[in-house]
Structures are given as structure tokens and as C-alpha cells.
Amino acid sequence: MTKEQYVDSFVELIRRASTELPPDVVAALEQSVGKEEKGSLAESALNTILDNVELAKERVAPICQDTGTPVAWVSYPQGASTRLLQAALEEAVRKATELNYLRPNAVDSVTGKNTGDGSGRGIPHVHFREWDDQAVEVRLMLKGGGCENVGIQYKLPDSRLGAGRDLEGVRRVVLDSVVQAQGKGCAPGVLGVAVGGDRVSGFEESKCQLLRPLADRNTDAELAELEERLLREGNELGIGPMGFGGETTLLGVKIGVLDRLPASYFVTISYMCWADRRAGVRIENGGDPQWLS
Amino acid sequence: MAELKLPVDEKTIREIRVGANLELSGRMITGRDAAHKWLIEECREEILPYLEGTVIYHCGPVVRQNPDGSYTFVAAGPTTSIREEPYQADVIGQYGLRGVIGKGGMGQKTLDGLGKHGALYLHAVGGAAQVLARAVKRVENVFMLEEFGVPEALWVIEVEKFPVMVTMDSHGGSLHDEVEKKSEQELERLLAVS
């Protein structure tokens, strides 16, 4: 595979992520409409969201104008060059920006000047891992700024919330994070939660959890139960779509666990907006790219 | 859904309350972080006619330049408004704005400003970039494009049936305060059990 071949596939991957919402997210939004009171602002917001999803696909244009930070998880076979894959992803981001699939979204933090081409220091953000498979697989997420701003990391115990170092403590801080976010993360959202780890690995794992399909059930029975309970209780908070009040505040909760130091107990929450843009591609040497949902 | 023509007078604005669904038609201007700082720190005469009596839209659009030099809004949803909280009430007062469009609501200072000057906070659906871009019929002018870049520039646009919800009004009403209080009570209830 040449760099150019990778670039072409990655531009298409970005186009799919930016303009087509994953089917499970669309289905969850459709189901939510019926739960809201007829004529309410919540119902109206959800209908606008669904119109928008359809229109974006039809126009091949970004679902949201904040096309987010492109975050990619790349699995590669032994011997593949991560430098080449990184360069191809950066090139693809620039091309996708030229094509208006992405907004020029990288700003120099010191001068305040927009780089203009969508790429910048740390943008796109790429995670690499070698695997036994002979294919390259890329999972891409476009993580918007509004929802990134409401992400939060708690340090347990937390006396304000009566949260100790156990799963009940996790439940308490996660619910608090939803109240703090209100509608600002563009509710209804999906929560990626990491229990444990350090300040960096916690956020990384919380984002990784957001790659799971909404219907994916945690393999750990205790965590699966907590995920379901938090989804139910999160919706009982009544924040609703856009924070207008209503029945639909969350579309999903996904929890991952990392080991921790005896001294630390972090609970890290990444909030993903309703425009839960994720897409995947699998590229085998010499073969056509396979698109993953 | 009621239609509201822009520019608009104070009396009309004061008759509108929280909970109303509106469709805006007429001229408005976009402005976000850099724009608000600029509007306060360097009051610019030439921009006055574009703000008076209309609304400022917290939006960083994706914009395409056409072969004839004109511009088209490709994607144009709202950005989070609270970042403009330090500036908003003063920008409304100084430039005679009748409203703000954004998402997530704003704080007490802005709410007081809406009451004092007669203006509304209008919530657009966050992320609905295509539905909202479709309502933008024409780009009339742009300020500070070179200096601020596409998302932060001040775009003067003509809209038709641009959908918004009134979530803060000129009588001290704020849907955001109501929802926040209620959710805090619910949280208390959920934390009372383990």
C-alpha cells in the first residue's frame, strides 16, 4: 500500500464520519422522539436533529459545523510504518478540510491564528497498536468541542457527593457530571467512563469506550448493570435534549476499567454529543477498503 | 410556529416569553469569541448598522467561496454561548442588539442585560448545522475574515425561517435555570439511595 492509497481511504473515512451518523445512533434518536411530550421543545429539538441528520447525508455535508478533533485508533500489522500511517492521516485531514468535510479547526494556542488546513500540533490525534492481523484498521471519531468541554475527571473519595472508592462512588460522580453538563454537551449524549488509571490514561480509556456500539453490553456483569442503571437514572434527571427539559438526556453509558495506584482512584468521563460521529475502515494489502459501522 | 422579522423593535421583543418556538427571517450577523472581544475593545462604527435591531449568532460556520467570489454557508450550527458571558450584556447595550442566538444558555449578567435593554436569548439546536445552513439564503458581507479566520469572522447573513427556541427572555425568565434546579433536585433524590 502506498501513502496515496491510504490517504484516499482515510479521506473517505472522514467523509463518512462527518456526514453520516452511525445507524445505531440514528435509531436511538428516533426512538427518543416518541418518549417526549407532544409539542414540547424537547420533541421539536429531536425532530430538528433527525431532519438535520438526513439533510447532511443527502448534501454530503458535515452534520455539525464543529467537525471536532479527529481522533483515530490505528491497529497495524508487524512491519507496517506508523510514520507513514500518521503522515497519511494528516494528509487526509488536510484534503478533507479542502473538500469542506471538515472545518479548518486547528488554532495556534499562542498566537490564536487558525492553521487554515485542519491539521496542527496534536491534530489529528492518533493512537497506534500493533496486532496479529495482517490488515490495517482505523477507528475514527470526530469529537466536538462543546461536548469535550463538559468532560470531567473526579478524584475519589469525593465528600461533596458522598462518593467512596467503589462502584457506588462511581455512580454518584457520573450522575453529578450529567447535572453539571446540563445541555451544554449537546444532549442527548453518550458517556464514556473510565474507572481507574491515571489522569492521562483515564481520559484515553473514556474516549475508547465511546467506540462501542450503543447496544454493546459490557462483558462484566456488574459493570453491565451499572451502565444500564446510569442510563436510566441519567434520563430521570430530566435535562432533556439540548437541556430544554424532557425524557431523553442520555443515549448510552459505557464503562471501562483500568488498574490504578493504591493512592489514586480517578473516575473520568468523556461526553459525546448526539452527533456521535464514528466510522471505521479495514484495509488489507492490495484489497479494497472495507467500511465498518 | 411564529415568524419574527429582523430587524425588530423593543416592544415586539418584550411581548415574547420563554418557551416560544420562532422562525427568524431577515438580516443577522455571526460572532463568537474573537468577535465579542473585538466588539468591546474596539468599537467599530462601520459595523453598527449591521447589529442595530437584529441578533448576533454564536456560530463558527463552514463557508465555501464560489467561483464568482461570493460565499455560501455549508454548515452553520450554534456554538456554546457561555464563553461570551463576560461581554454579552455590554455588546447588546452598546450595539442595540435585540437578541442572541446560541446554545447552552447564558448567565445572570446576560439575563439582566436582556431585561435592561429588551432582548432575547434564542436557542438554536446544537449540531443542526445543515438545517440551519439551509435557512441562510445569502451572505451579504463579512468583517475580520483575514484576521480571525472563517469560524471567528463576523458574517452578515440573510436568513429565512431560521428555527429557534426562546429560552431566556426580557422578564427574567430562563428555561436553563428551571431545568438546572429541577435536575439538581432529581440528583439529590438519586443520591439519597445507594
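All chains are named by letter (A, B, ...) in the order of the sequence lines, taking the proteins before the strands, and each is independently numbered beginning at 1. As a basis for the values below, the full set of heavy atoms in this structure was taken, side chains included, without hydrogen atoms, waters or symmetry mates. Here the structure is a predicted model, which is why all the values come from computation and not from measurement.
The candidate with the highest count of non-hydrogen atom pairs below 4.5 Å against chain A, out of Ala124(B), Ala34(B), Gly60(B), is Gly60(B). Between chain A and the options Cys59(B), Ala128(B), Gly149(B), heavy-atom pairs under 4.5 Å are most frequent for Ala128(B). Ranked by non-hydrogen atom pairs under 4.5 Å with chain A, the options Gly104(B), Gly19(B), Gly77(B) are led by Gly77(B). Chain B forms more heavy-atom pairs under 4.5 Å with one residue of Ile49(A), Leu55(A), Leu175(A), Val107(A) than with any other, namely Leu55(A). Ranking Val63(B), Leu191(B), Val74(B) against chain A, the residue ahead of the rest is Leu191(B), based on heavy-atom pairs under 4.5 Å.
Contact annotation for Ala76(B): only backbone heavy atoms (N, CA, C, O) come within less than 4.5 Å of a heavy atom of chain A. Interface remark: Val193(B) contributes backbone and side-chain atoms alike to the contact with chain A (heavy atom separation under 4.5 Å). Contacts between Ala275(A) and chain B at a heavy-atom distance below 4.5 Å are absent for every atom of the residue. The contact between Pro62(A) and chain B is made by backbone and side chain atoms together, counting heavy-atom distances below 4.5 Å. Proximity to chain A involves both the backbone and the side chain of Val125(B), based on heavy atoms less than 4.5 angstrom apart.
Contact record, Gly126(B) with Cys186(A): CA-SG, 3.7 Å, taken as the closest heavy-atom pair.
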Taking donor and acceptor roles from the modelled atom types, list the N and O pairs under 3.5 Å across chain A and chain B.
| residue | atom | partner | partner atom | Å |
| --- | --- | --- | --- | --- |
| Asn52(A) | OD1 | Ala129(B) | N | 3.2 |
| Asn52(A) | OD1 | Gln130(B) | N | 2.6 |
| Asn52(A) | OD1 | Val131(B) | N | 2.9 |
| Asn52(A) | ND2 | Gly127(B) | O | 3.2 |
| Arg59(A) | NH1 | Gln130(B) | OE1 | 3.2 |
| Pro62(A) | O | Gln130(B) | NE2 | 2.7 |
| Ile63(A) | O | Ala129(B) | N | 3.3 |
| Gln65(A) | OE1 | Gly77(B) | N | 2.6 |
| Gln65(A) | NE2 | Gly77(B) | O | 3.2 |
| Gln65(A) | NE2 | Pro78(B) | O | 3.4 |
| Arg103(A) | NH1 | Gly60(B) | O | 2.5 |
| Arg171(A) | NH1 | Leu190(B) | O | 3.3 |
| Arg171(A) | NH2 | Leu190(B) | O | 3.0 |
| Arg171(A) | NH2 | Val193(B) | O | 2.6 |
| Arg172(A) | NH1 | Leu191(B) | O | 3.2 |
| Arg172(A) | NH2 | Leu191(B) | O | 2.6 |
| Gln182(A) | NE2 | Ser183(B) | OG | 2.9 |
| Glu236(A) | OE1 | Arg189(B) | NH2 | 2.9 |
| Trp274(A) | NE1 | Gly126(B) | O | 2.9 |

Using residues 237-245 of chain A as the side-chain source, report each donor-acceptor pair under 3.5 Å to any protein atom, sequence neighbours left out, with the distance given to one decimal.
none

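A search for side chain to side chain contact (heavy atoms under 4.5 Å, CB included) contacts involving Ala224(A) returns Arg217(A), Asn218(A), not counting sequence neighbours.
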